[in-house]
Novice: 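I'd like to ask you about the structure that follows.
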Protein chains: 2
Amino acid sequence: MASAKRKPSPADTLVLEEFLPYRLSVLSNRISRAIAARYAKTFDLTIPEWRVIAVLGRRPGLTAKEVAEATEMDKVAVSRAVARLVASKRVASREDRNDARKQSLTLTAQGESVHARIAPIALAAEERLLETLSSRDREQLDALLDHLLEAAKRL
Amino acid sequence: MASAKRKPSPADTLVLEEFLPYRLSVLSNRISRAIAARYAKTFDLTIPEWRVIAVLGRRPGLTAKEVAEATEMDKVAVSRAVARLVASKRVASREDRNDARKQSLTLTAQGESVHARIAPIALAAEERLLETLSSRDREQLDALLDHLLEAAKRL
DNA sequence: ACGATTTAGTTTCATTTGCAACCAATGGCA
DNA sequence: TGCCATTGGTTGCAAATGAAACTAAATCGT
């Protein structure tokens with residue numbers, strides 16, 4: 001396998017194929033695109049919209065701000081995704097009783113249906129990626145990702 | 001730490017924060033943005049341009065096609081990045097002697113200089129991310145990434 | 001109670017990107 | 001040789017993204 005064959009290069013030489021940020025970017029793109037390909041056309045749904053649906057599916061009633069925090073999308077992206085989702089009647093937004101600036105967002109029945117149909121597709125894709133890893137490896141991966149996510153905040 | 005605290009959710013529930021593609025996307029974005037922030041303005045360089053420079057720095061004379069393969073960028077992105085780099089005199093392109101469609105790309109002295117100044121910045125950022133990992137962890141990470149990159153091809 | 005600040009969310013505009021169609025040169029082969 | 005398919009690369013257009021300015025509502029300090 002590649003990593004075994006690769007001979008380490010001098011510490012001051014940047015080899016793109018070995019460069020962590022680059023490899024993560026390629027990996028993330030490959031996966032996201034592969035998964036999105038399975039639902040984008042069928043459901044006419046963008047990745048940001050899917051993320052909004054995913055988070056509202058489990059945590060109904062969030063405001064746009066909270067969705068932005070939960071998904072790490074910026075508020076403009078959320079605003080646009082929500083606008084499309086409301087237009088397509090997949091999300092309902094009602095004004096907060098005590099703060100007219102906020103609106104609480106929930107999935108409509110249609111939104112729920114989309115959620116219910118895509119979640120298994122997404123989970124199956126994830127499982128296909130992970131199925132060849134031992135459960136030990138999975139734990140390692142999980143821990144490493146947590147670690148890196150945290151470390152990356154501090155960059 | 002987070003992964004230790006997280007209680008596993010039912011296998012059929014998609015929890016965005018635990019979803020591998022999502023976590024990779026967040027991680028990759030955080031890192032890329034942090035690093036790009038350090039050179040983008042100073043050098044007036046986009047990420048695709050930087051990738052082209054990085055690969056030409058180590059493998060001069062590639063064609064645009066080969067750069068696209070080496071960087072996993074699509075050929076349009078390469079074409080545009082190269083066009084900008086040629087305009088800014090960081091890359092020289094000369095026509096292939098036996099195939100007029102191809103052009104062999106190399107860094108100019110200016111391009112080399114950019115490469116020489118950015119590589120250490122990029123490597124230092126990578127090192128900051130990895131410095132808290134044991135060398136065992138680093139190997140694990142390397143192996144897991146290889147594995148996932150391979151598995152993701154098959155999606 | 002009232003102006004200054006902050007907060008939630010939207011709009012605008014300039015860039016970036018991604019896809020498909022395209023052009024030009026080459027290779028294959030009848 | 002002459003035509004078709006393929007390959008390397010560019011262009012054009014439509015959609016996605018990001019930064020900054022903006023609106024409207026709520027809060028704070030006096």
Side-chain angles (χ1 to χ4, degrees), chain A residues 25-26 28-30 32-37 39-41 43-52 55-56 61-88 91-106, chain B residues 25-26 28-30 32-37 39-41 43-52 55-56 61-88 91-106:
Chain A
S25 165
V26 170
S28 169
N29 284 341
R30 276 191 196 162
S32 295
R33 299 172 75 72
I35 298 182
Y39 63 70
K41 288 149 298 185
F43 295 95
D44 185 29
L45 205 66
T46 64
I47 291 182
E49 289 170 57
W50 158 243
R51 285 190 179 169
V52 171
V55 74
L56 290 180
L62 295 186
T63 66
K65 171 103 191 299
E66 291 162 340
V67 169
E69 280 156 7
T71 57
E72 300 221 11
M73 295 161 62
D74 79 60
K75 63 179 186 166
V76 176
V78 171
S79 171
R80 290 198 262 240
V82 167
R84 280 206 64 199
L85 289 169
V86 168
S88 58
V91 164
S93 111
R94 64 178 173 66
E95 210 174 75
D96 184 292
R97 175 178 267 73
N98 7 321
D99 188 338
R101 290 169 309 176
K102 300 182 184 173
Q103 43 202 30
S104 134
L105 303 166
T106 49
Chain B
S25 166
V26 170
S28 169
N29 284 341
R30 276 190 196 164
S32 295
R33 299 171 75 73
I35 298 183
Y39 64 68
K41 287 150 295 183
F43 295 95
D44 184 29
L45 205 66
T46 64
I47 292 182
E49 289 170 58
W50 158 242
R51 285 189 180 170
V52 171
V55 74
L56 290 180
L62 295 186
T63 65
K65 172 102 192 300
E66 292 163 339
V67 169
E69 281 156 7
T71 57
E72 299 221 12
M73 295 162 62
D74 79 59
K75 63 178 186 167
V76 176
V78 171
S79 171
R80 290 199 261 240
V82 167
R84 280 205 64 200
L85 289 169
V86 168
S88 58
V91 165
S93 108
R94 63 178 174 65
E95 209 175 74
D96 185 292
R97 177 179 262 72
N98 3 318
D99 187 338
R101 291 168 308 178
K102 299 182 184 173
Q103 42 202 33
S104 134
L105 303 167
T106 49

Novice: Shortest non-hydrogen contact from B:Ser93 to B:Val86?
Specialist: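 Closest pair (atom of B:Ser93, atom of B:Val86, distance): CB-CG2, 4.5 Å.
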Novice: Tell me whether B:Ser79 contacts the main-chain N or O of B:Lys75 through its side chain, where contact means a donor paired with an acceptor under 3.5 Å.
Specialist: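 Here the side-chain-to-backbone pair does not exist.
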Novice: Under 3.5 Å, is there a donor on one side chain and an acceptor on the other for A:Arg80 and A:Thr46?
Specialist: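 No - no donor-acceptor pair under 3.5 Å links their side chains.
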Novice: Taking CZ from A:Arg51 and C1' from D:dA16, how many angstroms apart are they, rounded to a whole number?
Specialist: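 A:Arg51 atom CZ is separated from D:dA16 atom C1' by 14 Å.
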Novice: Rounded to the nearest angstrom, tell me the gap between atom CD in A:Glu95 and atom C1' in C:dT7.
Specialist: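 Nearest whole value for this atom pair: 15 Å.
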Novice: Think A:Ser79 has a side-chain N or O under 4.0 angstrom from the OP1 or OP2 of C:dT10?
Specialist: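 Result: yes.
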Novice: Identify all pairs in which a protein N or O lies below 3.5 Å from an N or O of nucleotides 12-14 of chain D, and state each distance.
Specialist:
{"from": "D:dG12", "atom 1": "O6", "to": "B:Arg80", "atom 2": "NH1", "distance (Å)": "3.3"}

Novice: In whole angstrom, give the distance that lies between atom CD of A:Gln103 and atom C1' of C:dA8.
Specialist: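 After rounding, the gap between these two atoms is 9 Å.
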Novice: Rounded to the nearest 0.5 Å, what separates atom OG1 in A:Thr106 from atom CZ in A:Arg94?
Specialist: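 With rounding to 0.5 Å, OG1 (A:Thr106) is 6.5 Å from CZ (A:Arg94).
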Novice: Counting N and O atoms only, with roles assigned by atom type, does the side chain of A:Ser32 sit under 3.5 Å from a partner on the main chain of A:Ser28, one being a donor and the other an acceptor?
Specialist: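 Answer holds: yes.
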Novice: How close or far is atom P of C:dG18 from atom CD1 of A:Ile47, stated in whole angstroms?
Specialist: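 Roughly 11 Å, once rounded to whole Å.
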Novice: Could you tell me whether A:Glu49 and A:Arg84 make a salt bridge, using a distance below 4.0 angstrom between a side-chain N and a carboxylate O?
Specialist: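 Yes, this pair counts.
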Novice: Can you check the B:Arg84 CZ to D:dG9 C1' distance for me, whole Å?
Specialist: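 The answer, rounded to whole Å, is 19 Å.
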Novice: Between B:Ala64 and A:Thr46, just flag the one whose closest nucleotide in DNA chain D comes earlier from the 5' side.
Specialist: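 Of the two residues, B:Ala64 wins.
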Novice: Could you tell me whether the phosphate oxygens of D:dG8, OP1 or OP2, come under 4.0 Å of any side-chain nitrogen or oxygen in B:Lys65?
Specialist: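 Looking at the OP1 and OP2 atoms of D:dG8, one of them is under 4.0 Å from a side-chain N or O of B:Lys65.
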Novice: Return the value, rounded to whole Å, for the distance between atom NZ of A:Lys102 and atom P of C:dT6.
Specialist: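 Taking NZ of A:Lys102 and P of C:dT6, I get 17 Å after rounding.
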Novice: Distances for protein N/O vs nucleotides 22-26 of chain D N/O pairs under 3.5 angstrom?
Specialist:
{"from": "D:dA26", "atom 1": "OP1", "to": "A:Ala100", "atom 2": "N", "distance (Å)": "2.8"}

Novice: Whether B:Glu95 and B:Arg101 form a salt bridge (side-chain N of Lys/Arg under 4.0 Å from carboxylate O of Asp/Glu) is what I want to check.
Specialist: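 Salt bridge: no.
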Novice: Are A:Ser25 and B:Arg51 linked by a side-chain donor-acceptor pair shorter than 3.5 Å?
Specialist: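 The criterion, which ignores hydrogens and geometry beyond distance, is satisfied for B:Arg51 and A:Ser25.
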Novice: Expressed in angstrom and rounded to an integer, what is the separation of B:Asp74 atom CG from D:dT11 atom P?
Specialist: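 For the pair B:Asp74 CG and D:dT11 P, the rounded distance is 15 Å.
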Novice: For B:Leu105, which of B:Leu56, B:Thr63, B:Leu62 qualifies under side-chain contact (heavy atoms from CB on, under 4.5 Å)?
Specialist: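 Result: among B:Leu56, B:Thr63, B:Leu62, B:Leu56 is the only option passing the side-chain contact (heavy atoms from CB on, under 4.5 Å) with B:Leu105.
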Novice: Could you state the CZ-C1' distance from B:Arg33 to C:dT16, rounded to the nearest angstrom?
Specialist: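 In whole Å, C:dT16 C1' lies 12 Å from B:Arg33 CZ.
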